[in-house]
Amino acid sequence: QVRLVESGGGLVQAGDSLRLSCAASGRTFSRTAMGWFRQGSGKEREFVASITWAGSIRNYAGSVKGRFTISRDNAKNTVYLQMNSLKPEDTAVYYCAGGSVASTSSDYDYWGQGTQVTVSS
């Protein structure tokens with residue numbers, strides 16, 4: 001069992017940066033693939049980024065590639081999402097997720113409660 005808690009969201013202006021954190025509890029974090037998803041108001045949840053348990057493979061949605069970076073620190077049981085050059089269309093609730101495979105779909109076993117990111121123009 002892995003429990004996930006996101007933090008770091010907030011209100012920023014277009015062009016600003018934010019770093020989201022996802023703290024995990026549970027002994028199996030270092031063997032858990034992690035992902036970030038987001039859901040805008042009135043929209044379906046969409047994939048943002050994923051990282052394998054060793055951090056060796058990272059995938060990004062096309063809309064964030066080159067602006068967002070996913071990373072993890074297994075010693076701290078934490079996964080991060082560094083978001084640069086934020087745009088108003090990045091406004092959403094951001095969720096971290098954990099599972100056995102670093103998937104781009106919602107095939108994760110564990111989900112956090114989400115953190116709101118709002119980007120003003």
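- Nearest heavy atoms, Ala92 versus Gly40: CB-N, 3.7 Å.
- Atom-to-atom distance recorded for Leu86:CG and Ser120:OG is 10.5 Å, nearest 0.5 angstrom.
- Of the possible polar contacts, none joining the Ser100 side chain to the Ala33 backbone as a donor-acceptor pair under 3.5 Å is found.
- Tyr94 is not connected to Phe37 by any chain of hydrophobic side-chain contacts under 4.5 Å among Ile, Leu, Val, Met, Phe, Trp and Tyr, and they are in different clusters.
- Here the side chain of Arg3 pairs no donor or acceptor atom with the backbone of Ala23 at under 3.5 angstrom.
- Residues Val117 and Asp90 form no side-chain contact, since every pair of their non-hydrogen atoms from C-beta on lies 4.5 Å or further apart.
- The distance from atom CD of Gln82 to atom CZ of Arg67, rounded to the nearest 0.5 Å, is 12.0 Å.
- Both tests do not hold together for Arg38 against Phe47: distance to the six-membered ring centre under 6.0 Å, angle to the ring axis within 45°.
- By the 4.5 Å heavy-atom criterion applied to side chains, Ser106 and Trp111 are counted as neighbours.
- Between the CZ atom of Phe68 and the OH atom of Tyr60 there is a distance of 10.5 Å, given to the nearest 0.5 Å.
- In this structure, OG1 in Thr78 is found 12.5 Å from CG in Leu20, a value given to the nearest 0.5 Å.
- For the pair Val101 and Tyr108, the minimum side-chain heavy-atom distance is 4.5 Å or more.
- Two residues are said to be in side-chain contact when any heavy atoms from C-beta on lie closer than 4.5 Å; Gln113 and Leu4 fail this criterion.
- No donor-acceptor pair closer than 3.5 Å links the side chain of Ser50 to the backbone N or O of Gly35.
- Listed for the Ser103 side chain is no donor-acceptor partner under 3.5 Å among the backbone atoms of Asp107.
- Residues Val64 and Val119 fall within the same hydrophobic cluster, defined by Ile, Leu, Val, Met, Phe, Trp and Tyr side chains chained together at heavy-atom separations under 4.5 Å.
- Judged by distance alone, with hydrogens and angles left aside, the side-chain atoms of Gln39 form no donor-acceptor pair with the main-chain N or O of Val93 at under 3.5 Å.
- Leu81 approaches Ala49 most closely through the heavy-atom pair CD1-CB, 4.2 Å.
- By the rule that hydrophobic residues join a cluster once side-chain heavy atoms approach within less than 4.5 Å of another member, Tyr80 and Met83 end up as members of separate clusters.
- Remark: side-chain polar atoms of Thr118 are not paired, donor with acceptor, to backbone N or O of Thr91 under 3.5 angstrom.
- Annotation for Asn84 and Ser17: closest pair OD1-OG, 2.9 Å, computed over non-hydrogen atoms.
- Distance check: Gln13 CD to Ser121 OG gives 9.0 Å after rounding to the nearest 0.5 Å.
- Hydrophobic clustering (ILVMFWY, side-chain heavy atoms < 4.5 Å, transitive): Phe29 and Tyr95 are in distinct clusters.
- Surrounding CZ of Arg58 are more than 12 heavy atoms belonging to other residues, nucleotides or ligands, all under 6.0 Å away.
- Put simply, the side chain of Glu6 never gets that close to the backbone of Cys22: no donor and acceptor are under 3.5 Å apart.
- A side-chain donor-acceptor contact under 3.5 Å links Asn74 to the backbone of Trp53.
- Considering only heavy atoms from C-beta on, Ile51 comes within 4.5 Å of Val79 through its side chain.
- Taken from CE in Met34 to OH in Tyr110, the straight-line distance is 11.0 Å, to the nearest 0.5 Å.
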